[in-house]
There are 2 protein chains.
Amino acid sequence: MKLANTKQLILSTALDLFSQYGYNGASIRQIARTVGIRESAIYNHYKSKEEIFLAILAEFKSKTISEKILNDDLLDDLSNPEKFLRNFAERLITFWNTPQERKFIRLLLMEQFTRIGNKELSTTDYLSELRKMCRLIFSEMIKTKIVKQYDPEILAEQFIAPLFLMRTEYLVSGENKNMGTVIKIVNMHVDFFWSAIKG
Amino acid sequence: MKLANTKQLILSTALDLFSQYGYNGASIRQIARTVGIRESAIYNHYKSKEEIFLAILAEFKSKTISEKILNDDLLDDLSNPEKFLRNFAERLITFWNTPQERKFIRLLLMEQFTRIGNKELSTTDYLSELRKMCRLIFSEMIKTKIVKQYDPEILAEQFIAPLFLMRTEYLVSGENKNMGTVIKIVNMHVDFFWSAIKG
DNA sequence: GTATATTATGAACGAGTGTTCATTAAGGGT
DNA sequence: ACCCTTAATGAACACTCGTTCATAATATAC
């Protein structure tokens, strides 16, 4: 009867509602109603509410951030580090502004402390790959002397933290209403950062 | 019968449970049981669960951060800006590590997007006073030429963001188990920051 | 076209939710 | 001592929660 994949539809609907109302605030019945089926039909696809939640996490855990924001034409710009950092930051913010990613970050912030989320959800885990990427980039820049000899870990932190804080703060407002101004602030951040570290 | 102020006890218990399980995850009965009374007795002090939640927010909104971490002997150090920034950051982190403040930040992160919290809770609001304070400090430092001519707003952001991200990440682990290492990282952050901005 | 596996339904379950209410106990003021 | 306000109780309310189950409709395979 259903043309779309019901199982996947349940998953994306659950992410949608969990990220709006929280895990406890969104009910199985609400998810089912939004999908367009009865609550009992859900259990043909997932054996519990918790399994739906864990399936969402598994889906996002399998995705890697590198391939999303790092590609060859960006890496070519490494010779022009200021431009590179600008592009890198803009891509990162744009990626974080993806509907899916917005929802997941909201879920992360909401549920990382609760019984259901504190085992599988942590900001540290979420940022670990990005941190590693940044450490590598800054290590390389230090090695080629285009950046002062700072600790790459500190540089990564200093680069990421303002961007992530910005992301979490703008997360509250409905849609990407002012992506233009956000990118402007991002650029100011990168400009300061670059002028502070350039060798 | 009760020696302690029941109304205040309900409030602090509610903050405790809300910050652990979320607003929806903690029930009136659970709060009452923890306080040591029946759930119906709660309604002699607050007329609804939502009113308890709003009372918590009101209590924290009335507190000002300046008086907690800024005092005269700290401001005297403004002549030695590096030492000042170190002390300032350490006090800030220590303040954020207060049990009360830990709980409130958790509540903030958890509920800022939900129906109940999104009107009254926002990270931007929570940080606004601190941001203002930092802008003033850095403006002063720029005026007296001990800091390069950067935008004070950017400086405030760059100074606060890594500290706040650190705070939210360490928030998940139970107690102040490794406050020593945290302060060490804070100092590294401040050292980098200072070397980046000093005039 | 019939058998089979998949997916939907509607009703029901036990438990928990926030809240109300009549009643009882306790504390303070005169 | 008394009254009166405050605070606690236990039972009940209507409702929602996650989940189960027998049953019916729908696709898929042969």
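No experiment lies behind these values; they were computed from the predicted model shown. The chains referred to below are lettered A, B, ... by the order of the sequence lines, with proteins before strands, and numbering in each begins at 1.
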Between [X] and [Y], is there a side-chain N and carboxylate O pair less than 4.0 Å apart?
| X | Y | value |
| --- | --- | --- |
| Lys61(A) | Glu120(A) | yes |
| Glu50(B) | Arg115(B) | yes |
| Lys198(B) | Glu82(B) | no |
| Glu169(A) | Arg131(B) | yes |

Between [atom2] of [N] and [atom1] of [X], the distance in whole Å:
| X | N | atom1 | atom2 | result |
| --- | --- | --- | --- | --- |
| Arg33(B) | dG18(C) | CZ | C1' | 15 Å |
| Asn5(B) | dA8(D) | CG | C1' | 15 Å |
| Ile28(A) | dG16(C) | CD1 | P | 18 Å |
| Ile31(B) | dG16(C) | CD1 | C1' | 15 Å |

Practice item. For Ala26(A), answer base if it contacts any base atom (sugar-phosphate contacts may also be present), sugar-phosphate if it contacts only those atoms, and nothing otherwise; contact means non-hydrogen atoms under 4.0 Å. Key: sugar-phosphate

Review point. So, for Ser19(B) and Leu107(B), which heavy atoms are closest and what is the spacing to 0.1 Å?
Key: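 So the two residues come closest at N-CD1, 4.2 Å.
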
Review point. What are the two closest heavy atoms between Val190(A) and Arg86(A), and how far apart are they?
Key: CG1-N, 3.8 Å

Review point. Side chains of Trp96(A) and Phe164(A): does their closest heavy-atom pair fall under 4.5 Å?
Key: yes

Exercise for review: Measure the shortest side-chain to side-chain distance between Ile137(A) and Met141(A) over non-hydrogen atoms and say whether it is less than 4.5 angstrom.
Suggested key: yes

**Study point:** Aromatic ring pairing Phe159(A)/Phe193(A), orientation class (parallel under 30°, perpendicular over 60°, tilted between)
**Key:**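 Because their plane-to-plane angle lies in the 30° to 60° range, the rings of Phe159(A) and Phe193(A) count as tilted.
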
Point to revise | Within residues 46-55 of chain B: residues closer than 4.0 Å to DNA chain C (heavy atoms) | key: Ser48(B), Lys49(B)

Looking only at side-chain N and O atoms, does [X] come under 4.0 Å of OP1 or OP2 in [N]?
| X | N | result |
| --- | --- | --- |
| Thr6(A) | dT7(C) | no |
| Ser27(A) | dC17(D) | yes |
| His45(B) | dA8(D) | yes |

**Study point:** Nucleotide of dG18(D), dT17(C), dT20(C) approaching Tyr43(B) most closely (side-chain heavy atoms)
**Key:** dT20(C)

Exercise for review: Using a cut-off of 6.0 Å, state whether more than 12 heavy atoms not belonging to Lys143(A) lie near its atom NZ.
Suggested key: no

Practice item. Verify the cluster assignment for Met179(A) and Ile185(A): are they in a single hydrophobic cluster under the rule of side-chain heavy atoms below 4.5 Å apart? Key: yes

Nucleotides 9-13 of chain D: which of its N/O atoms have a protein N/O under 3.5 Å away?
| unit_1 | atom_1 | unit_2 | atom_2 | d |
| --- | --- | --- | --- | --- |
| dT9(D) | OP2 | Arg38(B) | N | 2.7 |
| dG10(D) | OP2 | Arg38(B) | NE | 3.0 |
| dG10(D) | N7 | Ser40(B) | OG | 3.3 |
| dG10(D) | O6 | Ser40(B) | OG | 2.6 |
| dA12(D) | N6 | Arg29(B) | NH2 | 3.4 |

Check your understanding: Once Watson-Crick and G-U wobble pairs under 3.5 Å are found, how is DNA chain D written in dot-bracket notation, 5' to 3', with | for any base paired to another strand?
Key -> |.|.||||||||||||||||||||||||||

